[in-house]
Amino acid sequence: MNRDDLRAMLESYDARDPGEAASLAHIRCFLDSPADPFARDNPEGHITGSAIVARPDGAEFLLVHHRKLGRWLQPGGHTEESDGSVFDTALREAREETGIARFEAPLDRTIFDVDVHPIPARPREPAHLHFDVRFLLTSLETLHSAAAEDPSRPMRWMTCEETRSRGFDASLIRALEKARAVLSSPPS
């Protein structure tokens, strides 16, 4: 994983929402620190990659229930040495967590959204931050895989309205609404 490549991608990314802009500034500063920003043992936190997985028209989004956090989230997670980029992390995590093998990337490998959020302490891990870089993926597939049927990892397609009515995290709702706007707009 190359911090300079990620830094260049973030330099060209423009966050318009004030909360997202604050996360973007925080991630940029984090990348400038001397510690490895991808290492899970970094006490401040680490870069993660995730995917906003949508239907191609933006009508629904595939969300996974994160057992340890007790919340519905987009697929994503920690970088691995085998990942060539944070986009590769997001794509790998989306495949692993959903069981869907084929995704389209309507914005190619362009960053779609960023968010910095706290992860609470656990028995073998102190509290830390996830510096999450999000990418937009789409799929028409249904959930028939073993991963989708695993009761320890529930997932489902939801609309933006469902996520708002359930009181989901504001940064996730922001990203889903942004994706719906991008995908439902006619091509220019």
Side-chain angles (χ1 to χ4, degrees), residues 6 9-10 12-24 26-27 46-66 69 71-80 83-119 129-143 145 147-148 153-187:
L6 179 56
M9 290 176 69
L10 290 166
S12 65
Y13 181 70
D14 180 29
R16 298 192 176 148
D17 174 85
E20 187 185 10
S23 288
L24 179 60
H26 198 170
I27 294 171
H46 35 264
I47 300 289
T48 56
S50 64
I52 301 299
V53 178
R55 294 294 189 199
D57 64 358
E60 292 181 309
F61 300 89
L62 186 55
L63 299 174
V64 179
H65 192 265
H66 194 287
L69 296 176
R71 297 183 348 201
W72 288 92
L73 300 170
Q74 74 280 358
H78 301 101
T79 62
E80 293 183 2
D83 296 332
S85 68
V86 181
F87 175 83
D88 294 336
T89 298
L91 184 58
R92 176 185 49 76
E93 289 282 346
R95 288 175 175 153
E96 289 175 1
E97 292 184 16
T98 68
I100 294 173
R102 183 179 152 93
F103 291 99
E104 300 297 324
L107 303 177
D108 198 29
R109 295 171 156 262
T110 302
I111 293 172
F112 180 70
D113 193 83
V114 296
D115 183 58
V116 177
H117 50 269
I119 301 298
L129 296 173
H130 276 184
F131 297 84
D132 198 32
V133 181
R134 297 168 171 170
F135 298 87
L136 181 60
L137 300 177
T138 60
S139 178
L140 288 170
E141 291 194 35
T142 56
L143 301 176
S145 70
R153 191 76 171 187
M155 67 187 76
R156 62 182 288 233
W157 291 98
M158 295 185 202
T159 65
C160 281
E161 292 73 24
E162 286 178 277
T163 63
R164 278 195 304 275
S165 71
R166 291 171 172 235
F168 284 15
D169 179 81
S171 75
L172 177 57
I173 292 172
R174 177 196 70 230
L176 300 180
E177 288 178 346
K178 191 162 65 166
R180 180 172 64 175
V182 166
L183 295 170
S184 66
S185 298

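A heavy-atom distance below 4.5 Å is found between the side chains of L6 and I47. Here the side chains of E177 and T163 are not in contact, with every heavy-atom distance at 4.5 Å or above. R180 places a side-chain heavy atom less than 4.5 Å from the side chain of F61. Residues L62 and R156 form no side-chain contact, since every pair of their non-hydrogen atoms from C-beta on lies 4.5 Å or further apart. In this structure, F87 and M9 have side chains that are not in contact, with every pair of non-hydrogen atoms separated by 4.5 Å or more. Side chains of E20 and R174 form a contact here, defined as non-hydrogen atoms less than 4.5 Å apart. A heavy-atom distance below 4.5 Å is not found between the side chains of L183 and D57. For the pair V133/D113, no side-chain contact is recorded, criterion being any heavy-atom separation below 4.5 Å from C-beta on.
In this structure, Q74 CD and R134 CZ are separated by 4.5 Å, a value rounded to the nearest 0.5 Å. Between the CG atom in L172 and the NE2 atom in H117 there is a gap of 10.0 Å [rounded to 0.5 Å]. Note: H46 NE2 to D132 CG = 10.0 Å, rounded to the nearest 0.5 Å. For the atom pair CZ of F168 and CG of L63, the computed distance is 6.0 Å after rounding to the nearest 0.5 Å. For the atom pair SG of C160 and CG of L176, the computed distance is 5.0 Å after rounding to the nearest 0.5 Å.
Between V53 and A94, the closest heavy-atom pair is CG2-CB, 4.4 Å. Counting all heavy atoms, side chain and backbone alike, Y13 lies closest to L24 at O-CD2, 3.6 Å. R95 and A101 get closest at one heavy-atom pair: NE-O, 2.9 Å. Here the closest non-hydrogen pair linking M155 and W72 is CA-CZ3, 3.7 Å. Here the shortest heavy-atom pairing between I52 and A175 reads CD1-CB, 3.8 Å. Across A51 and L137, no two heavy atoms sit closer than the pair CB-CD1, 3.5 Å.
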Take F131 and H26, measure what ring pair (Phe, Tyr, Trp, His ring centres under 6.0 Å) needs, and give me the verdict at the end. CA-CA 8 Å; F131 297 84; H26 198 170; 5.1 Å; yes

Kindly determine whether F103 and T138 satisfy side chain to side chain contact (heavy atoms under 4.5 Å, CB included), including the steps that lead there. CA-CA 6 Å; F103 291 99; T138 60; over 6 Å; no

Verify salt bridge (charged side-chain N to carboxylate O under 4.0 Å, His left out) between R92 and E96, making sure each step is shown before the conclusion. CA-CA 6 Å; R92 176 185 49 76; E96 289 175 1; 3.4 Å; yes

Where do L10 and V114 land on the side chain to side chain contact (heavy atoms under 4.5 Å, CB included) test, with the steps shown first? CA-CA 9 Å; L10 290 166; V114 296; 4.0 Å; yes

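Side chain of R55 to backbone of L140: a donor-acceptor contact under 3.5 angstrom is found. Of the possible polar contacts, one joining the K178 side chain to the F112 backbone as a donor-acceptor pair under 3.5 Å is found. D83 contributes no side-chain N or O that, together with a main-chain N or O of T79, makes up a donor-acceptor pair within less than 3.5 Å. Under a 3.5 Å cut-off, the side chain of E93 and the backbone N or O of S50 do not form any donor-acceptor pair.
A side-chain N or O of D169 and one of S171 form a donor-acceptor pair less than 3.5 Å apart. Side-chain contact of E60 with T159: a donor-acceptor pair under 3.5 Å is absent, judged by distance alone. For the residue pair R109 / S85, a side-chain donor-acceptor distance below 3.5 Å is found, with atom types taken as modelled.
Ring planes of H78 and H130: perpendicular class, angle over 60° (limits at 30 and 60°).
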